[in-house]
Amino acid sequence: MDERLKLLEQIMAYDFCLVDLGLFLDTHPSDANALKDYRMCYEESQKLRKIYEEKYGPLSLRHLPNPNCWQWVDSPWPWEKEA
């Protein structure tokens, strides 16, 4: 598995944990361990997103690299690459 896919997989795993922990915290808002785990997952997700976006570009429209120019994709779309 290449580095790009590995980073995406890690980001998705942490994001899944954030959703799952968020649901748990809805019913257990005072659980200190769950809050600690949520913060850790959030920080790891943000760290991995930053690494990914620096190397491969934005993951969403919220984090465009150039605020003065629309630059969503600066390379071929995935389906435009040769097989």
Side-chain angles (χ1 to χ4, degrees):
M1 178 181 307
D2 70 359
E3 182 184 14
R4 184 178 188 165
L5 290 177
K6 186 176 177 182
L7 278 170
L8 278 174
E9 189 175 272
Q10 290 173 328
I11 291 166
M12 288 187 294
Y14 279 110
D15 286 355
F16 177 84
C17 288
L18 288 171
V19 171
D20 196 44
L21 285 165
L23 292 170
F24 179 81
L25 286 164
D26 283 344
T27 58
H28 301 80
S30 301
D31 189 306
N33 287 328
L35 285 167
K36 183 182 100 191
D37 290 344
Y38 185 90
R39 280 191 223 98
M40 186 275 302
C41 287
Y42 178 81
E43 290 169 7
E44 287 298 314
S45 177
Q46 292 300 100
K47 181 180 84 174
L48 291 169
R49 284 173 182 277
K50 184 174 192 239
I51 292 168
Y52 183 94
E53 289 181 347
E54 286 173 355
K55 289 184 176 187
Y56 305 110
L59 285 167
S60 71
L61 293 173
R62 288 181 243 148
H63 301 100
L64 294 176
N66 185 347
N68 300 315
C69 175
W70 184 258
Q71 189 181 2
W72 173 235
V73 174
D74 195 24
S75 58
W77 289 92
W79 57 84
E80 293 177 327
K81 292 184 179 180
E82 294 181 27

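Start at 1 with the first residue, then count along the sequence.
- Note that CE of M12 is 12.5 Å distant from SG of C17, once rounded to the nearest 0.5 Å.
- Atom CG of D26 sits about 11.0 Å away from atom CG of L21, to the nearest 0.5 Å.
- For the atom pair L25 CG and L35 CG, the distance stands at 5.0 Å (nearest 0.5 Å).
- Residues E3 and L7 are in side-chain contact: their nearest non-hydrogen atoms beyond the backbone lie under 4.5 Å apart.
- Expressed to the nearest 0.5 Å, how far OH of Y52 lies from CG of L8 amounts to 4.0 Å.
- Contact annotation: the side chain of K6 approaches that of Q10 to within less than 4.5 Å [non-hydrogen atoms, C-beta and beyond].
- L59 and R49 make their closest contact through CD1-NH1, 3.7 Å (heavy atoms, listed as atom of the first residue, atom of the second, distance).
- Heavy-atom contacts from other residues, nucleotides or ligands closer than 6.0 Å to CZ of F16 number 12 or fewer.
- Connection of L18 to M40 is not established within any shared hydrophobic cluster, with ILVMFWY side chains joined at heavy-atom distances below 4.5 Å, either directly or through further cluster members.
- Going from atom CD of E43 over to atom OH of Y14 covers 11.0 Å, rounded to the nearest 0.5 Å.
- To the nearest 0.5 Å, the span separating CG on D15 from CG on D20 amounts to 12.5 Å.
- Between K50 and E54 there is a salt bridge, since at least one side-chain N of the basic residue sits less than 4.0 Å from a carboxylate O of the acidic one.
- For the pair N33/H28, no side-chain contact is recorded, criterion being any heavy-atom separation below 4.5 Å from C-beta on.
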